[in-house]
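Accompanying notes for the structure given below.
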Protein chains: 2
Amino acid sequence: MAKDDNGNEHTGGIQSLDAALRLLNAMIERRAPASLSELARECGMPPSKVHRYLASFHHAGLVEQAGRSGKYDLGPGAVTLGLSALARHDFVNRASDALPDLRDESGLTALLSVWGTQGATVIRWERAASPMVTSMGLGTTLPLLNSATGRAFLAWAPPAPLQAFREAELRHARQNPAVAPDLLPTEEDIDKMVQTIRTQGYASVEGKFIPGLVAIAAPILDWQREAQAVITLIGTDPAVVQPRSEAVERLTAFCKELSFAPMITGGAR
Amino acid sequence: MAKDDNGNEHTGGIQSLDAALRLLNAMIERRAPASLSELARECGMPPSKVHRYLASFHHAGLVEQAGRSGKYDLGPGAVTLGLSALARHDFVNRASDALPDLRDESGLTALLSVWGTQGATVIRWERAASPMVTSMGLGTTLPLLNSATGRAFLAWAPPAPLQAFREAELRHARQNPAVAPDLLPTEEDIDKMVQTIRTQGYASVEGKFIPGLVAIAAPILDWQREAQAVITLIGTDPAVVQPRSEAVERLTAFCKELSFAPMITGGAR
DNA sequence: AAATATATTGCATAATGTGAAAACCACTCT
DNA sequence: AGAGTGGTTTTCACATTATGCAATATATTT
């Protein structure tokens, strides 16, 4: 009988594996590389134990030692695992496959993001032939309030972890007025923005995240009308954010196509 | 002393954890939900063992039971883990940060390029203290066939848009025999070159793009083994292009460091 | 250099994972 | 119905294997 951190038991498992996974979890929660002793303290294990677990994780590629600092970090195997898990959700495959088409049709850079523990995370992107080279790698996390992608998640929120982010980002924004000087939104401002986005069917942003760029984003909805993923188009022409621009039409049609279809197609379809 | 599937040992780890991770790996390789007994067969373990491991994985959210079929599948915890890892492996940033080190260690000019719609595009550039000053701006696009960078992309191609470039450049080369007089390659020549590059692990060029300069280039691969970016070293000493030169070793090690890798480096791939 | 923090290895001890077999369950076929 | 089949879960006695402590080794700071 193994016990988890709350003292709740779960039967039939393997204690050492449970401990190892608790360690993995600790590495996720610290969002940065950590030293062996930090991890040991973090989850109340003797350093030698942690060391042995890390050796096995390292061997499997789940964990790697960062540079010469010796700190431990999640490794490429973890990425493989996660993307493999994501790929089981067929909307991810369908969206990934179709993303190049969307880019070609719209002539804009196209992004596919999901909502991860760290926020909106880019898992696929197709760059358009734009003069402006945005260096944005896979796994980039986008701001919640000042990116089109983030706002789309905000408006069609998978409820649970979002409120926390909302607060965290607001707090951060208030302390760093330099970042977003024109917009220190109150709760009501945000609610109003969310309303607008929902009725428009897409979120947009002009130059907030990266000056000179404009972006529009629409959600891929599941059967509960929550965002499973968000697709974003990025360009330079301010016209694309306009309500009935060609880009907006294409994007929303594209996302509707990938969303879980409601059973009765009332009116809008 | 734990053994992996090849019989290779790795010291200091934990055997049961190694076995558990082998199981996880089996779940990744099957790209679909699998039943307990399938998994047991797959990795040569008794069903009871697999069951116990799955119980622990399930408890951690890494694995879940699909619907009422009872089959096991990777779960939300795996996504969380992967996205968390992905967020730390923004290779463009990591490569940009490390590029000066590579320049210093090798004493050569180092380039970081990504595959844009216009071709291989230089996005970062660290010039060595070399007498030869190559004037090459950020955003320069490099030829596909006659630069080390281009050849590396060719060999580890993100498949879709590349064929078009290949044809375009060939056509262009045939019309302009002055540019590449010695090499009017057929499709087979190119395929042969690609094979060589892939087995060598890097692409090279001597004086093709700019007379008097030599260059070697290696890819940063993503989890699908496609080139996400290419790093190129440029110098004047013809020795650097030799298969096991110091520069080659450094460069390939550097790129491997930044690439994604399969979870467990087992034989078959 | 000494001192402190951190990582790694060795070792005896018993706690824990192990495989075989038995019980359990959900089906299908006579 | 009832016996048969393939798959999953539980039980159990045993020794393999993980464990924590203490001893090195390595790195970082004073």
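In what follows, every chain begins at residue 1, and chains take the letters A, B, ... in the order their sequences are listed.
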All salt bridge (Lys or Arg N to Asp or Glu O under 4.0 Å) counterparts of [X], not counting sequence neighbours:
X: E29(A); result: none
X: R52(B); result: none
X: E42(B); result: R30(B)

- request: Would you tell me whether S16(B) and S16(A) have side-chain atoms, one donor and one acceptor, within less than 3.5 Å of each other?
  value: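 Looking only at side-chain atoms, S16(A) and S16(B) do form a donor-acceptor pair, the distance falling under 3.5 Å.
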Side-chain donor-acceptor pair present, S35(A), E38(A), cut-off under 3.5 Å: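 Per modelled atom types, S35(A) and E38(A) side chains form a pair under 3.5 Å.
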field: Gap between atom OH of Y53(B) and atom CG of L21(B) - 0.5 Å precision
entry: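 Interatomic distance, L21(B) CG to Y53(B) OH, rounded to 0.5 Å: 9.5 Å.
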field: Nucleic acid footprint by protein, nucleotides 2-18 of chain C - heavy-atom cut-off 4.0 Å, B for base, S for sugar-phosphate alone
entry: ----SSSB------SSB
- request: Grab the two heavy atoms, one from F153(B) and one from A227(B), that are nearest each other, plus how far apart they are.
  value: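 Looks like CD2-CB, 4.1 Å.
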field: Global bending angle along the helix from dA1(C)-dT30(D) to dA14(C)-dT17(D), which compares the axes of five pairs at either end, to 10 degrees
entry: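 Computed angle between terminal axes is 0°.
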Give the rounded distance in Å between these two atoms: [atom1] of [X] and [atom2] of [N].
X: D18(B); N: dT17(D); atom1: CG; atom2: P; result: 12 Å
X: M45(B); N: dA20(C); atom1: CE; atom2: P; result: 14 Å
X: L54(B); N: dT10(D); atom1: CG; atom2: P; result: 13 Å

task: Could you list the residues that satisfy side chain to side chain donor-acceptor pair (under 3.5 Å) with S56(A), not counting sequence neighbours?
output: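 Side chain to side chain donor-acceptor pair (under 3.5 Å) check on S56(A) returns D18(B).
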